[in-house]
Amino acid sequence: MKEDFFSYQAQTTPHPLAMEVSHARGSYIYDSSGKAHLDFVAGVSASILGHCHPKIIAAVEKQLNSYMHVMVYGEYIQQAAVSYTKLLASLLPPPLETTYLVNSGTEAIEGALKLARRVTGRSQILAAKSAYHGNTMGSLSLMDFEERKAPFRPLLPDIGFITFNNKEDLNKITKKTAAVILETIQGGAGFVVPKDNYLKDVRARCTAMGALLILDEIQPGFGRTGKLFAFEHFNVVPDILVMGKGMAAGLPTGAFTASHKMMATLGENPMLGHITTFGGNPVIAAAALATLKEITAGSLMSQTTEKEALFRSLLTHPLIKEIRGKGLMLTLIMESSEIANDLVLSCAQNGLILFWLLFEKRAVRITPPLTISEEEIKEGCTVILKALNSLQQ
């Protein structure tokens, strides 16, 4: 199987972890030898309710027995998608009321960019330095790392950059700006949280200049920070909200939400202003609906804050310089990139799954399922501390 993996499946790095997966349940992934691996990554924040959550499995099976794909997006009325978008609207502040369902977070970014240009009639998009919004051509254009962009140029024109948490840069938002797009919490940069009312000031400047504010909640959304969406912590409401990852508890999907008036512009002049074959797929919509109900019906979000506190209390070590993030979107900032790398690999050998971040090389990701138990947190943190003690010797 490993030989076939390297021969026939396209790779994204020269040295993937290459664990052969047998099955996964709850907070654990089991390899082909039967060894259990405690999952502190959750498929990079996607498996938000753990692996094979029974309510998600039941929703998927029920929908499978009715129908799967029947028509391209937006033509037929399909109960799962309608129910999902209606429930989501009831949980979001106005004017976030109409949702376009797509296949992934990066596709949702593409749709949001198109919508911003369509609504404003402007072309300039401002993104943050060290941002990550995906890897399609439009999303890649929003990244300021030239070494990652150069092989794929030319990319989208009229893209500018501001520094996250730098209020002086807000003067770059002008009446030529169609939109400012920000991760509510910067992910690849090291789980950087907005401070000193930064997002409120961005919101105010966008409003004054007639620019739209797009918030990318692909990673922090769906309860991961202790609220349904992270922007709720910062007393702002975006014009366009982008989501993905944990939205369907491990199935591929994404969406962008705006006012009904704004979203209607994609339906005319031209018609089919945005189109997708599999967006809103009924099986995935059923999983998304079950996921949203599970996250909002119980105490998972309030427990997330308590679990964050437990992680922070347990993970104290001289090699850990800082713990960044919010809720169960946490990262350990190590003394060096070498220590971060060694920690991930050491824990992998000892049954604990950790991972890296894209740009901050000193960082070690901790984004477990919201359903992780306190006992499992303690178990994983014990492995981390043992590994760090070994690295310190």
Side-chain angles (χ1 to χ4, degrees), residues 69-78 80-89 92 95-127 131-143 152 154-159 177-183 206 210-218 221 229 238-245 247-248 251-285 288-289:
H69 178 73
V70 291
M71 180 52 72
V72 297
Y73 184 85
E75 290 297 321
Y76 287 179
I77 299 169
Q78 300 178 62
V82 174
S83 296
Y84 179 75
T85 54
K86 182 178 180 180
L87 177 58
L88 186 62
L92 289 170
L96 299 172
E97 58 194 354
T98 301
T99 297
Y100 199 117
L101 300 170
V102 292
N103 302 285
S104 66
T106 191
E107 186 186 331
I109 293 291
E110 301 286 334
L113 297 179
K114 289 170 66 178
L115 181 60
R117 285 181 166 177
R118 176 69 177 82
V119 168
T120 64
R122 305 173 183 178
S123 62
Q124 185 192 55
I125 305 291
L126 294 180
Y132 179 75
H133 298 285
N135 252 311
T136 48
M137 296 294 275
S139 301
L140 185 63
S141 304
L142 305 174
M143 187 187 298
F152 308 107
L155 299 173
L156 286 186
D158 214 0
I159 306 294
T177 306
V180 176
I181 180 166
L182 299 172
E183 298 160 276
C206 284
L212 301 183
L213 175 60
I214 304 171
L215 287 183
D216 176 345
E217 292 262 1
I218 293 169
F229 291 100
D239 298 293
I240 306 174
L241 175 66
V242 180
M243 61 199 81
K245 284 198 182 289
M247 182 175 164
L251 291 179
T253 190
F256 57 105
T257 302
S259 70
H260 182 79
K261 180 179 179 181
M262 285 176 55
M263 203 66 80
T265 63
L266 293 177
E268 56 183 345
N269 298 322
M271 290 175 54
L272 307 179
H274 195 66
I275 189 64
T276 168
T277 297
F278 290 113
N281 175 275
V283 178
I284 292 177
L289 178 60

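Side-chain atoms are counted along with the backbone in the values below, which use heavy atoms only and exclude waters and symmetry mates.
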- Message: Can you tell me how far apart OG (S141) and NE2 (H133) are? Round to the nearest 0.5 Å.
- Response: 11.5 Å
- Query: Who passes side chain to side chain contact (heavy atoms under 4.5 Å, CB included) against E107, sequence neighbours left out?
  - Reply: V102, N103, S104, H274, T276
- Note on the structure: Tested for side-chain contact (heavy atoms from CB on, under 4.5 Å) against M262, the lone hit among T98, L212, T120 is L212
- Determine the minimum heavy-atom distance between V180 and C206, stating which atoms define it. CG2-SG, 3.7 Å
- Task: Pick out which of I240, I159, I214 makes a side-chain contact (heavy atoms from CB on, under 4.5 Å) with I181.
- Result: I214
- Message: What's the separation between atom OG in S83 and atom CG in L289, rounded to the nearest 0.5 Å?
- Response: 6.0 Å
- Message: Using 0.5 Å steps for rounding, measure from the CG atom of D216 to the CD1 atom of I109.
- Response: 4.0 Å
- Quick one: pull up NZ in K86 and CD in E97 and give me the separation to the nearest 0.5 Å. 14.0 Å
- With T99, which residues qualify under side chain to side chain contact (heavy atoms under 4.5 Å, CB included), at least two apart? T85, L88, L101, A255, T257
- Message: Nearest 0.5 Å, please: how far is CD1 in I218 from CZ in F256?
- Response: 11.5 Å
- Check A211 against D239 and note the closest heavy-atom contact, atom names and distance. O-OD2, 4.1 Å
- Closest heavy-atom pair and its distance - L215, P238: CG-CB, 3.7 Å
- Sequence neighbours left out, what passes ring pair (Phe, Tyr, Trp, His ring centres under 6.0 Å) with H260? Give chain and number order. none
- Message: Restricting to side chain to side chain contact (heavy atoms under 4.5 Å, CB included), what partner residues turn up for T277, sequence neighbours left out?
- Response: H69, V72
- Using a 4.5 Å cut-off on heavy atoms from C-beta on, say whether the side chain of R117 contacts that of I125. yes
- Item | Residues that T265 engages under side chain to side chain donor-acceptor pair (under 3.5 Å), provided they are two or more places apart | none
- Close side-chain approach of M143 to L155, heavy-atom, < 4.5 Å: no
- Does N135 reach the main-chain N or O of L140 with its side chain, forming a donor-acceptor pair under 3.5 Å? no
- Query: Looking at Y100 and L266, what are the two nearest heavy atoms and their distance?
  - Reply: CD1-CD1, 4.3 Å
- Measure from the side-chain N and O atoms of E183 to the backbone N and O of Y132, and report whether any donor-acceptor pair falls under 3.5 Å. yes
- Heavy-atom nearest pair, G254 first then A108, reads C-CB, 4.4 Å
- Item | For A248, all residues meeting side chain to side chain contact (heavy atoms under 4.5 Å, CB included), sequence neighbours excluded | L251, T253, I284, A287, A288
- Item | Expected output: side-chain K114 to main-chain G273 donor-acceptor under 3.5 Å | yes
- Task: Decide yes or no for L156 and L113: does some side-chain heavy atom of the first lie under 4.5 Å from some side-chain heavy atom of the second?
- Result: yes
- Looking at A285 and G280, what are the two nearest heavy atoms and their distance? CB-O, 4.2 Å
- Would a distance-only check, ignoring hydrogens and angles, find a side-chain to backbone donor-acceptor pair under 3.5 Å from E110 to G138? yes
- Gap separating the CE atom of M137 from the OG1 atom of T106, nearest 0.5 angstrom: 11.5 Å
